[in-house]
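Below is one structure, written out as structure tokens, with a few remarks after it.
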Amino acid sequence: MRYWLFKSEPDVFGWDDLVAKGKSGEEWDGVRNYQARNNMREMKKGDRGFFYHSNKGKEIVGIVEVIAEAHPDSTTDDARWECVDVRAVKPVKTPVSLDQAKEDERLKDMALVTNTRLSVQPVSEAEWNVVMELAGM
DNA sequence: GCCAACGTTGGC
DNA sequence: GCCAACGTTGGC
């Protein structure tokens, strides 16, 4: 199983919105970036990911699970773009902010810190464990 | 709301 | 195939 991180602006589609979708989850659509798309193509059903609020909050607020592997993005006719489906698993006990991630030596290579504009990123197992620890999980 | 960083597009 | 122009993301 691999780990990922999904960014979303809470004003557009936040953690609460995903929770409201329940077990059937939601398409992670609208990604128009090749790197992010390639990451989604590598996802397998059952992979876990962090849900990060960009712009407002700037913190990891929850844990999601990939429930459907890459398929065409229903929001465009452009065959280049694909997306996966995710569902909310549970909120973190304590949100982990971008500042915390920046300050933690163990997370200095995390894509969240080094590649701020990438909206779907891989998370290493070591990074996952550090964030989980910071989140009080 | 600004702007830096980055990705993409298109002219040459 | 280079690079200038442009668009978008996201931190501040």
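The analysis underlying the following values was restricted to heavy atoms, covering all of them including side chains, and did not include hydrogens, waters or symmetry mates. Lettering of chains follows the sequences in order, A, B, ..., and the numbering in each one begins at 1.
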**Fill in**
Taken to the nearest whole Å, CG/A/Leu118 to C1'/B/dA5 is 13 Å
**Prompt:** Rounding to a whole Å, what distance do you find between A/Gln121:CD and B/dC6:P?
**Reply:** 13 Å
**Item:** Distance-only side-chain donor-acceptor flag, A/Asp73 / A/Thr75, under 3.5 Å
**Value:** yes
**Value in whole Å for how far the P atom of B/dA5 lies from CG of A/Leu98** = 15 Å
**Asked** Does any N or O donor sit under 3.5 Å from an N or O acceptor when you compare the side chain of A/Arg32 with the base of C/dT8?
**Response** no
**Message:** Using salt bridge (Lys or Arg N to Asp or Glu O under 4.0 Å), reason through A/Arg87 and A/Glu65 one step at a time and then give a plain yes or no.
**Reply:** CA-CA 5 Å; A/Arg87 71 173 178 90; A/Glu65 177 187 359; 2.5 Å; yes
**Asked** Should the pair A/Arg2-A/Glu42 be classified as a salt bridge under the 4.0 Å nitrogen-to-oxygen rule?
**Response** yes
**Prompt:** Within less than 4.0 Å of OP1 or OP2 of C/dG11, is there a side-chain N or O belonging to A/Tyr52?
**Reply:** yes
**Request:** May I ask you to say whether A/Glu82 pairs ionically with A/Arg41, meaning some side-chain N is under 4.0 Å from a carboxylate O?
**Result:** yes
**Request:** For A/Asn33 and C/dG10, give me the distance from atom CG to atom P, rounded to whole Å.
**Result:** 9 Å
**Prompt:** Which comes earlier along DNA chain B counting from the 5' end, the contact point of A/Thr116 or that of A/Asn55, where each point is its nearest nucleotide?
**Reply:** A/Asn55
**Complete:** Angle separating the five-pair end axes of the helix from B/dG1-C/dC12 to B/dC12-C/dG1, nearest 10°, is 10°
**Asked** What nucleotide, of C/dC12, C/dG10, B/dT9, holds the atom closest to the side chain of A/Ser119?
**Response** C/dG10
**Request:** Using a 4.0 Å heavy-atom cut-off across all strands, classify A/Glu9 as base, sugar-phosphate, or nothing.
**Result:** nothing
**Asked** Taking CG from A/Asn115 and P from B/dG7, how many angstroms apart are they, rounded to a whole number?
**Response** 6 Å
**Message:** Regarding A/Trp4 and A/Asn39, do their side chains bring together a donor and an acceptor under 3.5 Å, going by distance alone?
**Reply:** no
**A/Trp81 CH2 to B/dT8 C1', straight-line distance once rounded to whole Å** = 9 Å
**Prompt:** Can you tell me if the side-chain N/O atoms of A/Lys56 get under 4.0 Å from OP1 or OP2 in C/dC12?
**Reply:** no
**Prompt:** Are A/Arg48 and A/Glu125 within salt-bridge range, i.e. N to O under 4.0 Å?
**Reply:** no
**Prompt:** Rounded to whole angstroms, how far apart are CZ on A/Arg117 and C1' on C/dT8?
**Reply:** 6 Å
**Request:** Compute the centroid of each ring, for A/Trp15 and then for A/Tyr52, and state whether the two points are separated by less than 6.0 Å.
**Result:** no
**Asked** How close or far is atom C1' of B/dG7 from atom CG of A/Asn38, stated in whole angstroms?
**Response** 13 Å
